[in-house]
Amino acid sequence: MTSEKLRQARDFEAKYMPFIPDAERPLFHVTGGIGWINDPNGFSCYKGEYHLFYQYHPYSTKWGPMHWGHVKTRNFIRWERLPVALAPDTEYDQNGCFSGSALELDDGRQLLMYTGVHRKRSDDGVLEEYQTQCVAIGDGADYEKYEGNPVLTGADLPEGSSVLDFRDPKIWREENGLFRAVVGNRTEDGSGAILLFESEDGLRWHFAAVIDRCRNEYGKMWECPDFFPLDGKQVLLTSPQEMLALGLEFHAGYGALCLIGDWDGEARKFTREKVQSLDYGIDFYAAQTLRAYDGRRIMIAWMQNWTNSNCQPYRARTFGQMTLPRELSIRDGRLVQNPVRELEAYHGHRAAYSDVLVTGETNLPGVSGRVLDMTVTVRPAGGMYHAFRLNVAKDGEHVTYIRYKPEMNVIRVDRSRCGIRYDVVHVREFQVRPRNGELKLRLVMDRQSLELFVNDGEQAATFIVYTPESADSISFQAEGGAVLVDVEKYDLDLEK
Ligand code: FRU
């Protein structure tokens, strides 16, 4: 049954979405129909296609009572819009259908698991929030909320767990059919924990174990967990609030963590071995993965950061977009991410150069644009050099640059002059590992975004750049010496 609230949201989209020209959207990154989006939800396989839902407030470009928007794809590049899937229309989710996940049931239906939020005033007048886990089942377009909702409440939590911060279930199925889900939570000292729940049928759930937790060293509340095997290891992803900066690995504020270790599924024991940043840029949060039909582990995230989510272009009609889906693997004990290979089918015009000697600043004929996939390899031309700089989205007024200083092995991305009018963080620095003095930078740009992959995906760094599209110049610059660069640049063409 379609509730009044859900119908309203669908009607609102139908009425106003046609007024938003395609030119206001990126070419191949997912955006909401209209209004605001945040986290990716329910990124999963269903009936031969890939579905993606998202946190959605259609009525304005600000966060509000959360709905679930919905799109699907066959190749992670071209997406088809589907009707709004969930609205906050019951007592237990009246203040929002928060983040969650999805899977295909044996009978062909699709199960969504999400966090239902409701607020209640206590007897002494305090407005308390409750977060519970809920289920909805549908056919890939329309969903019924389960009459037994909520399926997990504060009463199911181990002692000391927060009832208020209990959200973002990520569900999967074991080979023996057991349903499992990891959920974000907060412990007595206010820091993050990831809890494991189990179910025989996807409807009746119980607490099974604490997978991992921190003691304030990796932020406070751990949001949006994901937990999956990868190349013989087990990976736990989470997005912590209130991180403390640590060297150049972690920055203060909203972070994205990747914990790599071993998992004994029977004993329900995760042994953490390594902790790293999941992305070294500014605009990346709430990542979620799926296992594709061909076995690849693919990740997508919200290409935004809560701290700067109020810094919106004047009169924007949609706000928020997803990253490009990325293929994950593990190399030398680190998480590696690269754009899905399907992107290559959309490679258009190519410009390529090798061994270009760069001293000072130079442009290369055919190398410009704002929708592109470009790989630049840099090495010293004989002696040492002070810095190499790649300037993009550039004109007389604007520039965003990626600067590499070989002496410190540090990359600095600076978008202070991208055209943004807000006094928020615009610079990120991070440590890289050149190979034999050589550094490889792959850059995917889609109008107002820039995703950087260093050394074949060893590190990724994601940025939104609010630069007018006419600023499309790219230049190569050497400071304090000379470098040799190889460049291979493709325009991306979705009409192909
Ligand atoms: C993370 C988050 C989630 C929550 C959702 C609400 O970005 O705070 O924890 O479910 O956003 O929109």
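Note: hydrogens, waters and symmetry copies are ignored here, and every other heavy atom, side chains too, is used. Whatever order the structure lists them in is the order used to number ligands and atoms, beginning at 1.
When side chains are defined from C-beta on, Asp168 does not count as touching Val183, because their heavy atoms never get closer than 4.5 Å. For the pair Trp222 and Cys214, the minimum side-chain heavy-atom distance is below 4.5 Å.
In Asn38, the part holding a heavy atom less than 4.0 Å from any atom of ligand 1 is the side chain.
Cation-pi geometry between Lys120 and Tyr130 is met: the NZ or CZ atom falls under 6.0 Å from the ring centre, inside 45° of the normal.
Of all atoms in ligand 1, numbered sequentially from 1 with element shown, those under 4.0 Å from a heavy atom of Arg167 are 3 (C), 4 (C), 9 (O), 10 (O). Within the listing of ligand 1, atoms 5 (C), 10 (O) sit less than 4.0 angstrom from a heavy atom of Ser99. Atoms of ligand 1 lying under 4.0 Å from at least one heavy atom of Met66, given by number and element, are 12 (O). For ligand 1, the atoms closer than 4.0 angstrom to any heavy atom of Trp306 are 1 (C), 7 (O), 11 (O).
For atom 12 (O) of ligand 1, the closest non-hydrogen atom of the protein is Gln55 OE1, 2.7 Å. Of the protein's heavy atoms, Asp39 OD1, 2.7 Å lies nearest to atom 7 (O) of ligand 1.
Using cut-offs of 30° and 60° on the angle between ring planes, the pair Phe179 and Trp205 is perpendicular.
Put simply, no part of Trp302 is less than 4.0 Å from ligand 1, judged by heavy atoms. Close to ligand 1: Trp63, with a non-hydrogen atom less than 4.0 angstrom away.
Ile330 and Lys233 get closest at one heavy-atom pair: CD1-CB, 3.7 Å.
Residue Tyr285 has no N or O atom closer than 3.5 Å to an N or O atom of ligand 1. Below 3.5 Å of separation, one finds an N or O of Asp168 facing an N or O of ligand 1. Looking at ligand 1, you'll find an N or O of Glu223 within less than 3.5 Å of one of its N or O atoms.
Checked options Arg167, Lys145, Arg119, Lys5; the residue passing with Asp93 is Lys145 (criterion: salt bridge (charged side-chain N to carboxylate O under 4.0 Å, His left out)).
Between Arg7 and Asp89, no side-chain nitrogen of the basic residue sits less than 4.0 Å from a carboxylate oxygen of the acidic one, so the salt-bridge criterion is not met. Contact check on Asp139 versus Lys47 returns no salt bridge, with no Lys/Arg side-chain nitrogen under 4.0 Å from an Asp/Glu carboxylate oxygen.
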